[in-house]
Amino acid sequence: MAALRHSLVMTTLTGVFWGWIVAACLAVSMTLFSGQILSVDLISAGAGGLGAAAVYHFWKKGWLSFAAQAVVAADILVTLDGNAPLGASLTGAPATSAIIIVVFGVVTALVVRACLAGMPKGVLSRSLFETHLIRSMIGFGYVFFTAIVLLPFYIMLMTSLKSQQSLMSNPLDYSIDLGAGIETLFRSYIELFAIYDFGTFLLNTTFVSVMTVAITLLFCVPGAYAVARLRFRGRKALSRSILMIYMVPAIVLVIPLYAVFSQLGLRNTHLGLLIVYPATTVPVALYMLQGYFKGLPFELEEAGLMDGLNRWQVIAKITLPLAMPAMATVSLYVFMIAWNEFLFAFMFLDDTSLFTLSRGIVSLNSSEVPRQHLMAGAVIATIPVLVLFLWFERFLVQGLAAGGVKG
Amino acid sequence: MTDAAHRPARNAKGSRTRGPLARAEAGLARIMLFPSVFIVAAIVLFPLLANFWISFKPVTLGDLRPPSVLLSDRVRATDTGFTTDWRLRNTSRSAAITNVVVGARVDPAWTLQELPENCERTPERLTCRLEELPPATRIRLRFAFEAPPGAADQADDWEPTASGDSENILTNASFTLENFRDAFSAREFWTVLRVTFVYTIFGTLAAIVLGLFAALLLDRDFRGRGILRGLFLFPYVAPVIAVAFAWVILLDPFSGSVNAYLKEAGVIGGAINFLGTRSVEIGLFGITVDFPVALSTVIAFEAWRYFPLSFLFILARMQSINTEMFEAARVDGASPFQIFRYISIPQLIGIMSVLFLLRFIWTFNKFDDIFLLTGGASGTRTLVVDVYEQAFAISNLGAGAAVAVVVFTVLLTFSLLFFRIMPKEEL
């Protein structure tokens with residue numbers, strides 16, 4: 001077994017593996033980008049990668065060695081694929097095959113160098129062998145996770161920019177014809193706003209989400225302060241039961257709420273949603289805020305109390321200004337929950353004029369509405385959340401980790 | 001909870017006797033907590049109880065609209081005046097309406113030839129009373145008036161009205177065990193239960209394993225780490241409706257990119273309906289196994305969408321591990337896999353078990369994802385989807401509530417278990 005931990009074995013494994021991975025990524029991404037179907041031949045791709053690794057094994061130093069790796073890898077791929085690397089023939093699709101040749105050569109060479117750098121020749125110690133193995137695994141991890149995360153979002157965005165005919169004729173063609181003009185490109189979006197009333201949906205969603213944030217804060221700031229600072233009987237029990245509320249499934253609440261709200265005339269109103277949403281967000285928000293309040297120095301508040309402020313004034317003038325970062329986190333977090341909420345919006349809203357985006361997009365999911373419209377709706381719902389998220393990422397990551405996030 | 005430490009002790013004798021200050025403090029706390037507690041009690045706790053109530057009641061979706069008297073009238077001119085028919089119908093198929101009152105404005109100049117039983121006539125008004133209108137029945141009242149010519153036209157807008165009392169189906173005293181009998185005896189109930197557990201357990205495990213790998217990737221310093229961390233969280237923060245439909249379109253058997261690519265690349269012969277195939281037989285070493293395709297796909301979606309949460313928790317825990325331990329192990333000659341196995345994993349097992357329990361409960365509760373992906377078809381119907389199906393697709397609210405009771409019972413068991421075995425320091 002120990003003899004298998006030889007540098008040659010590692011070189012071979014790394015080379016073949018990365019030859020496959022680079023070729024596969026290249027084939028899929030080029031296909032999704034250009035619409036021309038490319039596929040990987042395991043033998044040629046593996047051999048190309050092996051070539052790059054072999055060159056590096058015997059000649060490690062300098063730019064020339066790197067250039068040699070790239071050339072060897074690309075040359076093997078082209079030769080074994082019969083002058084059509086990944087299926088794009090040199091004469092038939094010169095631009096595509098040129099890109100493939102350059103990218104495959106350069107990337108394979110780079111990755112193989114990175115994974116094998118510093119490896120001595122001969123039999124390797126277990127530590128060294130595993131170190132180099134792990135480098136390949138980590139590299140693959142980056143590729144794998146980036147690919148699975150991005151693929152659905154890429155498909156969503158590109159589908160929304162295509163037309164029905166081109167989607168039908170080739171489901172793999174996601175190339176965008178920028179020359180066609182903005183109006184053609186964004187036709188689905190224009191139609192959504194013009195015909196399907198997405199402007200109203202957007203306004204409704206914004207209204208409901210902002211109001212949910214306002215109501216939640218109004219309710220949970222005093223509550224969180226009480227749990228964090230005041231002594232009263234049952235405080236411990238309350239802290240615990242906050243967590244239990246997390247566990248209550250929304251579906252169990254839907255039937256009674258549907259029945260009662262129907263009879264009270266609250267179903268099919270925004271007011272109904274504005275009662276339900278804060279109720280589901282208050283426990284999480286309260287839990288997050290009280291944790292933060294507990295971390296604030298009590299001395300400041302004490303000084304305020306000594307100077308004759310009452311509790312409410314202390315909260316408004318001392319605690320809240322200090323807790324601004326936590327308030328921001330909680331607000332964003334509640335906003336995102338309300339924005340993304342689907343079940344209650346779906347169950348409660350019947351009138352098109354009241355629809356939130358989630359509810360509106362579900363109504364697009366029928367055979368009569370072309371799917372680029374559906375995807376355009378999805379993009380409209382996604383962009384505000386992602387922009388907010390990226391903008392305030394640091395705040396939110398803390399909040400997500402601290403609150404555990406319902407969902 | 002050491003917050004008492006940084007406050008002056010208000011009561012030297014202990015907490016049994018409470019001074020006026022302590023009482024005032026407790027009173028203030030009650031006022032401050034009231035809004036939060038009230039809204040949660042009204043919208044979460046009350047419906048929980050109401051759900052038990054409804055699960056014992058024979059309620060259908062249609063019963064939510066209270067039964068009402070539907071009145072239609074037709075006026076026909078005759079030689080001497082006109083006749084009219086009032087047709088009363090009870091809109092409900094199950095509940096009777098009592099104390100029905102029907103009435104209309106009349107002209108004093110019109111004379112009624114015969115006054116039907118239970119009706120009375122004042123110069124300006126004609127009123128009839130019925131003690132009871134049984135469910136799904138029609139009653140016809142006929143009147144013949146002697147009236148001057150043209151009265152028939154006038155009678156067209158005499159605005160007859162009907163009203164009556166009916167029991168509210170939600171609050172009356174009729175109970176039944178039928179809902180539970182239906183829920184448990186349904187042939188698919190046990191299938192649904194099995195699917196629920198398969199989905200929950202595998203979905204949770206897959207999300208945690210993916211999250212562990214993602215955390216391992218990002219537990220090192222490199223340029224672009226922040227970007228990658230943000231990117232990895234995308235599936236979790238994007239609206240479920242958007243990502244679920246993106247998956248549906250991506251996996252579509254006819255026009256989805258995945259099938260198109262796999263076919264073109266020669267990996268598969270025919271298109272795979274990832275979300276619409278219950279199972280395929282896979283022959284392995286002579287043993288054929290039914291592989292549940294749609295269920296596996298929704299589990300994959302679950303893992304994809306929720307690995308970011310596990311990843312955040314695990315990463316946070318990893319970064320708090322003392323690096324000296326790793327150094328010491330390395331000096332002692334431990335290999336990277338050994339370090340991972342014998343140092344990292346024991347440090348992470350606590351947070352991973354907490355995650356497992358939390359995610360187990362949330363995955364068990366998850367409705368949106370499966371509903372949007374498959375609608376519960378092709379062997380992906382879980383208990384929560386079943387609640388929706390019973391209550392709103394078959395319109396039997398009571399049966400839906402009965403399944404919801406099952407959901408809640410299972411969940412309560414797990415929650416109690418969760419609080420019992422969860423290590424305190426991880427909370």
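Below, chain A is the first sequence line, B the second, and so on; all start at residue 1. Small disclaimer: the values here were computed from a predicted structure and weren't measured.
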Go through the atoms of Phe367(B) and report whether side chain, backbone, both or neither lie under 4.5 Å from a heavy atom of chain A.
side chain

Chain B: which of Ile380(A), Leu286(A), Ile275(A) shares the most heavy-atom pairs with it under 4.5 Å?
Ile275(A)

Would you please name every residue forming a ring pair (Phe, Tyr, Trp, His ring centres under 6.0 Å) with Phe342(A), sequence neighbours left out?
Phe346(A)

Relative to chain A, which segment of Ile241(B) carries a heavy atom at a distance below 4.5 Å: side chain, backbone, both, or neither?
side chain

Under 4.5 Å from any heavy atom of chain A - which part of Phe38(B):
neither

Contacts table for residues 151-159 of chain A: side-chain donor-acceptor under 3.5 angstrom, sequence neighbours left out:
| unit_1 | atom_1 | unit_2 | atom_2 | d |
| --- | --- | --- | --- | --- |
| Tyr154(A) | OH | Leu32(A) | O | 3.3 |
| Thr159(A) | OG1 | Ile155(A) | O | 2.5 |

Honestly, the part of Phe46(B) sitting under 4.5 Å from a heavy atom of chain A is side chain

Side chain, backbone, both or neither: which part of Ile227(B) has a heavy atom under 4.5 Å from chain A?
neither

Do Phe364(B) and Lys366(B) make a side-chain contact, defined as non-hydrogen atoms from C-beta onward lying under 4.5 Å apart?
no

With chain B, the option among Phe232(A), Trp339(A), Phe129(A), Tyr225(A) that has the most non-hydrogen atom pairs under 4.5 Å is Phe232(A)

Is Ile383(A) in contact with chain B via its backbone, its side chain, both, or neither, using a 4.5 Å heavy-atom distance?
neither

Side chain, backbone, both or neither: which part of Leu411(B) has a heavy atom under 4.5 Å from chain A?
side chain

Region of Val407(B) in contact with chain A, defined by heavy-atom distances below 4.5 Å
side chain

